[in-house]
Amino acid sequence: MEERYDIAIIGSGPAGLSAAINAKIRNKKFILFGTNNLSFKIKKAPKVNNYLGFHEITGEDLGKKFKDHIDNMGIKITEERVNAVYAMGDYFTLMVNEKAYEAKTLIIASGMEFTKPLKGEERLLGKGVGYCATCDAPLYKGKTATIVGYTKEAEKEANYVSELVSKLYYVPMYRDSYNLNKNIEIINERPKEITGKDIVEKLEFKDSEIETDAVFILKDSVAPSQLVPGLLVEDGHINVDRKMMTNIEGCYAAGDCTGKPYQYLKSAGEGQAAALNAVEYLDSKK
Ligand SMILES: Cc1cc2nc3c(=O)[nH]c(=O)nc-3n(C[C@H](O)[C@H](O)[C@H](O)COP(=O)(O)OP(=O)(O)OC[C@H]3O[C@@H](n4cnc5c(N)ncnc54)[C@H](O)[C@@H]3O)c2cc1C
């Protein structure tokens with residue numbers, strides 16, 4: 001177990017990065033979870049015209065500026081996915097694969113997931129459906145598992161899982177070349193429904209189906225209510241006050257996950273407010 005952090009930030013988009021630079025300036029001990037690619041939503045933007053100070057910049061170039069900024073401030077991104085967070089009273093425990101981190105405050109800056117859950121996904125969650133393949137794969141030793149991967153990062157998880165299960169199917173929800181172990185069977189079809197009476201039995205496609213004991217759905221971000229049990233969420237967005245505090249004391253949220261408009265500068269501004277208010281909260285507890 002690492003030493004307890006002052007602030008744990010989940011997400012490396014503009015909201016999380018802005019929170020991190022402000023936490024750094026205020027000399028707090030923080031950890032920033034995400035990816036060194038920052039956010040596919042930064043990379044994908046063809047041209048950005050509404051980020052003050054950067055007229056007609058491409059998303060790719062804006063991302064480079066963000067990366068230079070945090071590099072220059074010595075901020076490192078911990079390239080791990082937070083699977084769940086538990087509010088323990090005066091601190092938070094973050095579950096990250098087989099590790100646990102502790103922090104006195106939390107900033108959720110995990111973005112917004114647009115894709116709807118698959119039919120059967122919510123009903124069979126915890127009964128064969130899961131969002132962290134590496135956490136649950138040991139349960140399926142000698143069995144068949146399926147990974148529905150929404151981003152390239154899911155491929156790493158698939159390669160690891162393929163060493164534990166007897167058979168692994170990979171269903172990519174994006175078009176690319178796949179860097180997967182040879183024993184993984186790729187299915188290039190859109191999943192329609194996860195079926196099974198009490199536990200997962202099959203994954204169905206338009207004209208075909210496969211028998212599987214587990215279906216892991218690996219998206220860029222999971223629904224906030226699943227990430228932090230007890231978090232107040234309305235219409236898919238995390239409820240926050242003017243200080244970006246959620247219904248859980250010491251837990252803040254910023255960026256797309258708090259609601260529309262979905263924009264870079266709004267996200268960065270909220271990340272800043274969340275970090276400064278987390279600092280104020282930490283100082284009040286001294
Ligand atoms: C094609 C496109 C063009 C756009 N153009 C513009 C534009 O011109 N102007 C504008 O203002 N906005 C634009 N946007 C919107 C903008 O991208 C978003 O509003 C902004 O990226 C939101 O920032 P964020 O920090 O809230 O979340 P995101 O950028 O979505 O970042 C969230 C990050 O958190 C990470 N994450 C999530 N869950 C976890 C977890 N459990 N553990 C670890 N990491 C996690 C994700 O991997 C991701 O990297 C565009 C979006 C798209 C898709």
Side-chain angles (χ1 to χ4, degrees), residues 8-22 31-63 65-67 70 76-86 92 94-97 99-101 103 106-115 130-135 149-154 156-157 174 217-229 231 236-238 240 244 252-275:
I9 302 164
I10 305 177
S12 51
L17 298 179
S18 168
I21 61 172
N22 283 282
I31 184 161
L32 169 64
F33 292 99
T35 111
N36 277 317
N37 295 325
L38 306 184
S39 155
F40 80 92
K41 287 194 189 145
I42 301 177
K43 298 262 143 114
K44 286 260 168 86
K47 197 139 277 178
V48 183
N49 265 321
N50 61 347
Y51 201 103
L52 186 66
F54 297 103
H55 187 222
E56 293 238 325
I57 192 165
T58 62
E60 186 86 38
D61 286 343
L62 188 61
K65 300 243 180 226
F66 289 170
K67 190 75 184 32
I70 61 161
K76 297 254 173 318
I77 296 172
T78 301
E79 281 210 288
E80 290 196 278
R81 182 144 288 270
V82 179
N83 301 309
V85 183
Y86 300 104
F92 297 89
L94 291 86
M95 306 307 293
V96 179
N97 293 332
K99 280 180 272 161
Y101 293 84
L106 175 74
I107 298 177
I108 307 166
S110 53
M112 194 55 204
E113 184 56 62
F114 298 108
T115 45
Y131 300 121
C132 176
T134 44
C135 313
Y150 283 78
T151 66
K152 258 198 102 50
E153 267 119 47
K156 266 193 250 158
E157 233 168 301
Y174 53 90
I217 297 164
L218 306 185
K219 293 182 181 173
D220 199 44
S221 55
V222 294
S225 52
Q226 263 140 20
L227 187 66
V228 188
L231 192 69
H237 295 123
I238 303 171
V240 284
M244 310 315 296
Y252 299 79
D256 284 1
C257 64
T258 69
K260 288 180 179 169
Y262 299 149
Q263 301 279 268
Y264 297 119
L265 209 47
K266 176 257 190 193
S267 300
E270 287 192 353
Q272 176 178 41

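In listed order, ligands and their atoms are each counted from 1.
- Distance check, rounded to the nearest 0.5 Å: OG1 of Thr78 to NZ of Lys99 gives 8.5 Å.
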Distances for all N or O pairs of ligand 1 and the protein under 3.5 Å?
from: ligand 1; atom 1: 9 (N); to: Asn50; atom 2: OD1; distance (Å): 2.9
from: ligand 1; atom 1: 11 (O); to: Asn50; atom 2: OD1; distance (Å): 3.3
from: ligand 1; atom 1: 11 (O); to: Asn50; atom 2: ND2; distance (Å): 3.3
from: ligand 1; atom 1: 11 (O); to: Tyr264; atom 2: N; distance (Å): 2.8
from: ligand 1; atom 1: 17 (O); to: Lys41; atom 2: O; distance (Å): 3.4
from: ligand 1; atom 1: 19 (O); to: Asp256; atom 2: OD1; distance (Å): 2.8
from: ligand 1; atom 1: 19 (O); to: Asp256; atom 2: OD2; distance (Å): 3.2
from: ligand 1; atom 1: 19 (O); to: Tyr262; atom 2: O; distance (Å): 3.4
from: ligand 1; atom 1: 19 (O); to: Gln263; atom 2: N; distance (Å): 3.0
from: ligand 1; atom 1: 23 (O); to: Ser267; atom 2: OG; distance (Å): 3.4
from: ligand 1; atom 1: 25 (O); to: Pro14; atom 2: N; distance (Å): 3.3
from: ligand 1; atom 1: 25 (O); to: Ala15; atom 2: N; distance (Å): 3.0
from: ligand 1; atom 1: 26 (O); to: Asp256; atom 2: N; distance (Å): 2.8
from: ligand 1; atom 1: 29 (O); to: Ser39; atom 2: OG; distance (Å): 2.8
from: ligand 1; atom 1: 41 (N); to: Val82; atom 2: O; distance (Å): 2.9
from: ligand 1; atom 1: 42 (N); to: Val82; atom 2: N; distance (Å): 2.9
from: ligand 1; atom 1: 47 (O); to: Asp220; atom 2: OD1; distance (Å): 3.1
from: ligand 1; atom 1: 49 (O); to: Leu38; atom 2: O; distance (Å): 2.6

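- Residues that satisfy the salt bridge (Lys or Arg N to Asp or Glu O under 4.0 Å) test with Lys43, not counting sequence neighbours, are absent from this structure.
- For Ser225, there are no side chain to side chain donor-acceptor pair (under 3.5 Å) partners at least two apart in sequence or on another chain.
- With sequence neighbours left out, the side chain to side chain donor-acceptor pair (under 3.5 Å) criterion links Tyr174 to Glu155, Tyr170.
- Note on ring orientation: taking the six-membered ring where Trp is involved, the planes of Phe33 and Tyr101 are perpendicular (angle over 60°, cut-offs 30° and 60°).
- Of the charged side-chain nitrogens involved, none lies within less than 4.0 Å of a carboxylate oxygen, so that Arg81 and Glu153 do not count as a salt-bridged pair.
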